[in-house]
S.K.: 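Have a look at this one before I ask anything.
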Amino acid sequence: MKRKLFTIALLLLGIIFTQASVAQRRPVGNNTIPVQQGPDTTRVTPRNGSILDDSTKAIYGPNTTLQLFEQDVLRGRYVEQRVDTSINKMQNERFWYNDTTFYQHLGNIGTAAKPIFYELPLKIGARYGKYVFDRYAYNPFNLNYYDTRSPYSHLSYIQGQRGEQLFEVIYARNIKPNWNIGVAYQLMGADKQFGAIDRRQNGLIDNQAVKAFTHYQSPNKRYDLFANYTFQKHEQIELGGVRPRATDYSANGEVITDSLFRYQNDQSFLMQAASEESRNHYHALQIFKLAGEDLKLYHQLDVHRQQNDFQDSNIQTVGDTAILFYPDTLYSPQFTDDRTFYREVENVFGVTGNNKLSFYKAYIKHRNAAITYRVFDTEAATATTPASTTELKLENNESQLFVGGQLRLHYQELVEVVLDGEFQLSTDYRVNGLARFKGLYGSLARVLRSPSFIEQRMMSNHFVWDNDFSSSVTDKIEAGYAGKIGTRQYIKLRAEYTNIKRHIFFNQQAVADQLVGNQRFYGVKLDHKIRFGSIHFDNFIAYTNTDNAETIRIPEWLVDSKLYFEGDIFRNALFGQFGVHAYVPSGYFADAYMPVTQQFYLQDEIKLRTYPVIDVFVTADIKNLNLFLKMANVTDELLAPGYFATPYFPGMRRSFIFGIKWMFFD
């Protein structure tokens, strides 16, 4: 994997240089589109973004390479943002992926992950239910569509001491002033921290992803087409966690967790198991102006296919019959080969319009979804019949119709009122409302949705269920404030209260379950940034109370802080940052992970300790090259032998990591 990444990086770098040398450039100057400030008002202005030099010679850079999002165009906000050249978060692992929220994972990059904080469900109706690798896939609904004056490309590469590797290359260019195309390729790899048999079998993660995208606007600017194709193939070697030795148990039978950090000397529960996910998605959005911005017609088509396989060719046993990791074997005692296929086709037809004071949208949506389960049943040989293997199949299909819409009233940036809703014609619905005055806002939301395919039915060699769950109801109230305090501080404070009725979850046996009563929890989140000259202090603090929600597992406290110097460093040789970053969740009974179903489930055996993960880093901006150097988890073994990211999955040890992002604007 390491050699493959390095070879591909050199090859693509050569292609970039070749393309850059022969590319046709569009003139700048008077033809340059004015850049409007995008939604992210904290974006750092590029230091190397000038268009013209002193001799009026064209200089291609961030000011001539712009980004556009399809939802902005749908809402009538033709906001083209400068391509992001900031170094502010590039050393932070959360920002290496396509989803930057806080996640619980299995201790290494690229591993199965779930959001730490409860997220209000947005998709209603038929759904697949397997999401643990979504974080690493390109999001077809939120891609950057470029508008370039010259070909743009960037190459990023991250290498860690413990085998972590990430690589991405993007190339985009305008064929015509109103037509842009682009393509990106991503690779990700990681090595085992424990359970490795030898160096040749040390691989843990192998990820490849592709996105191809285009935006076309008709010369009269009445028609827009946004289209993309995304693909991901993700393989994870399944270990099941660290397998305790006989000496790792106390006299009363409890696991002594401090003894489970021998890393390469630890064995794993699973020896020959792996999960593989392959997904592809076709997305197209067409917008036609029937009466200018007052009335537009649009159509959105999405075709999604996803296959998830779980295989174990050597099911471990204790003694002659007891199975080591799984609850049971239902079809084959020797091996497991479970496969799940999901297909979804969705069409949306709608009307929309906007003016200075309002925006509206109304649509009708049709979704066709189907799932197929496949397992293999084996029969042992008898005196009269040979051994045999039979493929078993189970299918389920749904065809659903939805109607929905949104109304937004606003006056400049002072006042805003939003009403939004979607209704499935038989059962599910979601509605929410938001009111904002300057920095103050409040919102109410309710979501009623049926169980996902996986929650409703499962067929595998180790789990089988056929549930008749009722729809769950989630109510959420939120209020907050966001704004600057003087010239040095920024604050974003929000309070949340959530009530879930008939909550669907995976219980301590890793089986889908549903509660009869309510799950109530509340919390407060604070983002605060303050600056003293060149010294910056950024903090995120979250408090969550789950005393009345026994199936919702969230750390009571989570602190994410970054203290750093920003300015010219190394005797003004370059611009950069130097600082320390700390991530500290309080101890809690985090969910365990079941690879067969690819679900996180409740456990009451191991409480994750409060452990500060502290990184020391340097980042630098050298013209079109951004880079960082980081010593991760510098306090490793100083405060404790180690920590678990998920029960039985140790977090990363102290390691040295470096990364680069090299941008080419011509």
Side-chain angles (χ1 to χ4, degrees), residues 34-45 67-82 101 117 119-122 141-142 224 285 287 289-298 350-363 403-423 429-447 474-499 522-530 540 542:
V35 177
Q36 304 177 45
Q37 181 63 46
D40 183 4
T41 58
T42 61
R43 181 181 298 277
V44 177
T45 302
Q67 300 176 123
L68 187 65
F69 294 89
E70 63 179 48
Q71 291 303 314
D72 284 337
V73 176
L74 188 64
R75 291 192 293 264
R77 298 178 67 251
Y78 295 86
V79 178
E80 291 190 318
Q81 305 175 44
R82 295 176 177 89
T101 56
F117 298 110
E119 297 183 343
L120 183 72
L122 297 178
F141 304 102
N142 193 34
D224 281 272
L285 173 65
I287 307 171
K289 294 181 180 178
L290 194 63
E293 290 295 328
D294 294 325
L295 179 61
K296 296 179 286 187
L297 306 179
Y298 73 94
V351 296
T352 182
N354 61 275
N355 54 46
K356 293 182 179 180
L357 298 177
S358 66
F359 164 80
Y360 72 90
K361 178 175 68 173
Y363 61 87
V403 294
Q406 184 182 101
L407 175 64
R408 177 175 180 261
L409 305 175
H410 59 93
Y411 177 71
Q412 298 180 353
E413 295 297 324
L414 298 177
V415 180
E416 180 182 26
V417 177
V418 180
L419 299 175
D420 182 60
E422 183 175 274
F423 303 85
Y429 66 83
R430 62 169 179 84
V431 291
N432 67 278
L434 178 143
R436 181 179 61 84
F437 176 72
K438 294 186 177 180
L440 293 169
Y441 75 93
S443 66
L444 296 171
R446 165 169 278 204
V447 180
T474 303
D475 294 296
K476 183 176 182 179
I477 304 173
E478 182 176 341
Y481 171 81
K484 294 182 178 180
I485 302 176
T487 59
R488 295 183 176 183
Q489 298 185 69
Y490 170 82
I491 186 172
K492 183 177 181 181
L493 176 66
R494 53 198 185 276
E496 305 168 345
Y497 172 82
T498 304
N499 177 54
Y522 60 90
V524 179
K525 296 185 176 74
L526 171 66
D527 285 282
H528 179 254
K529 299 178 181 180
I530 188 169
F540 172 81

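Keep in mind that the numbers below use all heavy atoms, side chains included, and drop hydrogens, waters and symmetry copies.
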S.K.: I'd like to know whether I477 forms a side-chain contact (heavy atoms from CB on, under 4.5 Å) with Y522, so could you lay out the CA-CA distance, the side-chain angles of the two residues, the decisive distance to 0.1 Å, and finally the verdict.
M.R.: CA-CA 9 Å; I477 304 173; Y522 60 90; over 6 Å; no
S.K.: Where do P121 and V447 come nearest, in terms of heavy atoms and distance?
M.R.: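 Here P121 and V447 meet closest at O-CG2, 3.3 Å.
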S.K.: For residues L120 and A445, report the shortest heavy-atom separation together with the two atoms involved.
M.R.: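 Looking at all heavy atoms of both residues, the shortest contact is CD2-CB, 3.7 Å.
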S.K.: Tell me, with the steps shown, if L434 and E478 meet side-chain contact (heavy atoms from CB on, under 4.5 Å).
M.R.: CA-CA 9 Å; L434 178 143; E478 182 176 341; over 6 Å; no
S.K.: Can you check whether G433's main-chain N or O pairs, donor with acceptor, with S443's side chain at less than 3.5 Å?
M.R.: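 No.
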S.K.: Nearest 0.5 Å, what's the CG-NZ distance between L526 and K492?
M.R.: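 These two atoms lie 11.0 Å from each other.
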S.K.: Shortest non-hydrogen contact from G76 to N354?
M.R.: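 So the two residues come closest at CA-OD1, 3.5 Å.
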S.K.: Just verifying a value: how many Å separate K361 NZ and L407 CG, rounded to the nearest 0.5 Å?
M.R.: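 Atom-to-atom, K361:NZ and L407:CG are 12.0 Å apart.
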S.K.: Of the non-hydrogen atoms in H410 and N355, which two are nearest, and what is the gap between them?
M.R.: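 Answer, listing the atom of H410 first, then N355: NE2-O, 4.0 Å.
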S.K.: Looking only at heavy atoms, which two atoms of L74 and F359 are closest? And how far apart?
M.R.: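 In terms of heavy atoms, the two residues are closest at O-CE1, 3.7 Å.
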S.K.: State, yes or no, whether a side-chain contact exists between V73 and Y78 at a heavy-atom distance under 4.5 Å.
M.R.: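 Of all side-chain heavy-atom pairs linking Y78 with V73, at least one is under 4.5 Å.
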S.K.: Hey, does Y298 have a side-chain heavy atom less than 4.5 Å from the side chain of D224?
M.R.: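 No - every pair of side-chain heavy atoms lies 4.5 Å or more apart.
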S.K.: Say you draw a straight line from CD1 of I491 to CD1 of I485; how long is it, rounded to the nearest 0.5 Å?
M.R.: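 It comes to 4.5 Å.
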S.K.: Start with the C-alpha gap between Y360 and L419, add the side-chain angles, then the distance that decides, and say whether side-chain contact (heavy atoms from CB on, under 4.5 Å) holds.
M.R.: CA-CA 10 Å; Y360 72 90; L419 299 175; over 6 Å; no
S.K.: Any side-chain heavy atom of Y363 sitting closer than 4.5 Å to one from T352?
M.R.: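 With C-beta onward as the side chain, the pair stays apart.
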S.K.: Just wondering, do Y429 and R446 contact through their side chains at under 4.5 Å, heavy atoms?
M.R.: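 R446 vs Y429: side chains touch.
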S.K.: Answer yes or no: is there a side-chain heavy-atom contact under 4.5 Å between F69 and R75?
M.R.: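 No - every pair of side-chain heavy atoms lies 4.5 Å or more apart.
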S.K.: Do the non-hydrogen side-chain atoms of E80 and D72 ever get within less than 4.5 Å of each other?
M.R.: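 They are not in side-chain contact.
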S.K.: Rounded to the nearest 0.5 Å, how far apart are CD of E293 and CZ of R77?
M.R.: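 Separation between the atoms: 12.0 Å.
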S.K.: Apply side-chain contact (heavy atoms from CB on, under 4.5 Å) to Q71 and F141, showing your working.
M.R.: CA-CA 8 Å; Q71 291 303 314; F141 304 102; over 6 Å; no
S.K.: Heavy-atom distance under 4.5 Å between the side chains of Y411 and V417, does that happen here?
M.R.: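 Answer no - side chains too far apart.
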S.K.: Grab the two heavy atoms, one from E413 and one from R436, that are nearest each other, plus how far apart they are.
M.R.: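 Reported closest heavy-atom pair: O-NH1, 3.2 Å.
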S.K.: To the nearest 0.5 Å, what is the distance between NZ on K476 and OG1 on T498?
M.R.: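 Going from the NZ atom of K476 to the OG1 atom of T498 covers 5.0 Å.
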S.K.: Under a 4.0 Å threshold between the charged nitrogen and the carboxylate oxygen, would R430 count as salt-bridged to D420?
M.R.: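 A salt bridge is present here (some side-chain N lies under 4.0 Å from a carboxylate O).
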S.K.: Side chains of F117 and K525, heavy atoms from C-beta outward: is any pair under 4.5 Å?
M.R.: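 The answer is yes; the side chains approach within 4.5 Å.
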